[in-house]
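Written out below as structure tokens is the structure these notes cover.
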Amino acid sequence: GAVVSQHPSRVICKSGTSVKIECRSLDFQATTMFWYRQFPKQSLMLMATSNEGSKATYEQGVEKDKFLINHASLTLSTLTVTSAHPEDSSFYICSARDQGGGEKLFFGSGTQLSVL
Amino acid sequence: GENVEQHPSTLSVQEGDSAVIKCTYSDSASNYFPWYKQELGKGPQLIIDIRSNVGEKKDQRIAVTLNKTAKHFSLHITETQPEDSAVYFCAAYYGQNFVFGPGTRLSVLP
């Protein structure tokens, strides 16, 4: 299956700092990538849809100025959590649709963010 | 919009037994239904999927069935093994987005 690489897998930062998470499709091109947030023992909560070369579409209640998404190429999308606070601590997961593979959606390995 | 329900929320089976997880969706426009397995601390992994023009699909010990009329689909795992223990999510492809069920925590007891 297609591979989506996400880095870092775990990050600990101080309150007020910014953290960047990278999501790469390694063996396919992805015009659309999705960013999810997952709380312990809960389902995936869609944060935003990232389209290559255009602005991301954010879900209701997600602050676009806090969660900056950039999708500069067909294989790379980044999520930057700006001025992180403890309440931003969570498991963040990216996913990508294989442009040539129809609807199939592949996930990265996730990033555990802990804000002290 | 689409809404996906999933049952049961937790499931414990003895090794070697079968496990069945059921999902229902609300919008008949949904036409693609993947299943994901998520192990602790990892991202979800696509394990099987089915399109709306197919009623059943099988891949070794895993099978998925779809009833379009009733708007429900199920995941069947036969001969369960301890490594099948994980959280399983169903999803429905609606518009340009995926709507996920709340997940089922499967425990396979040795």
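Protein chains get the first letters and strands the later ones, always in sequence-line order, with residue 1 at the start of each. The figures that follow rest on heavy atoms only: side chains count, while hydrogens, waters and symmetry mates do not. Just so it is clear, the structure is predicted and the values come from calculations on it, not from any experiment.
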Same apolar cluster (I L V M F W Y, side chains within < 4.5 Å links), B:Leu11/B:Tyr88
yes

Grouping I, L, V, M, F, W and Y whenever their side-chain heavy atoms are under 4.5 Å apart, do A:Ile69 and A:Val11 come out in a common cluster?
yes

B:Val54, B:Phe33: one ILVMFWY side-chain cluster at the under-4.5 Å cut-off?
yes

Could you tell me which portion of A:Thr49 (side chain, backbone, both or neither) has an atom closer than 4.5 angstrom to a non-hydrogen atom of chain B?
side chain

Indicate the atoms forming the closest heavy-atom contact of A:Lys104 with B:Tyr32, along with that distance.
CG-OH, 3.5 Å

How about A:Leu105 and B:Pro34: do any of their side-chain heavy atoms sit closer than 4.5 Å?
no

Would you find more than 12 non-hydrogen atoms of other residues, nucleotides or ligands less than 6.0 Å from A:Arg10 atom CZ?
no

Minimum-distance pair of heavy atoms, taken over all atoms of A:Phe91 and B:Lys42:
CE2-O, 3.7 Å

Is the backbone of B:Gly101 close enough, under 3.5 Å, to the side chain of A:Ser43 for a donor and an acceptor to pair up by distance?
yes

Applying a strict under-4.5 Å side-chain criterion to I, L, V, M, F, W and Y, I'd like to know whether A:Met33 and A:Tyr92 cluster together.
no

Taking the side chain as C-beta and beyond, is there a heavy-atom pair between A:Leu46 and B:Phe98 under 4.5 Å?
no

Quick one: what part of B:Gln38 sits under 4.5 Å from any heavy atom of chain A, side chain, backbone, both or neither?
side chain

Looking at A:Gln112, A:Arg97, A:Gln42, which one has more heavy-atom pairs under 4.5 Å with chain B than the rest?
A:Arg97

Counting only heavy atoms not in A:Leu116, do more than 12 sit closer than 6.0 Å to its CG atom?
yes

Answer key: most heavy-atom pairs under 4.5 Å with chain A among B:Val99, B:Val87, B:Leu46 is B:Leu46

Please say whether more than 12 non-hydrogen atoms of neighbouring residues, nucleotides or ligands are located less than 6.0 Å from NZ in B:Lys58.
no

For chain B, the option from A:Gln6, A:Met45, A:Gln38 that forms the most heavy-atom pairs under 4.5 Å:
A:Gln38

Just wondering, more than 12 heavy atoms not from A:Glu59 lying within 6.0 Å of its CD?
yes

When rounded to the nearest 0.5 angstrom, what is the spacing between OH in B:Tyr36 and CZ in A:Phe106?
7.0 Å

A:Tyr36 with A:Leu113, same ILVMFWY side-chain cluster at under 4.5 Å:
no

Write down the atom of B:Gly43, the atom of A:Ile93, and the distance for their closest heavy-atom approach.
CA-CG2, 4.4 Å

Any side-chain heavy-atom pair of B:Asn97 and A:Phe34 under 4.5 Å:
yes

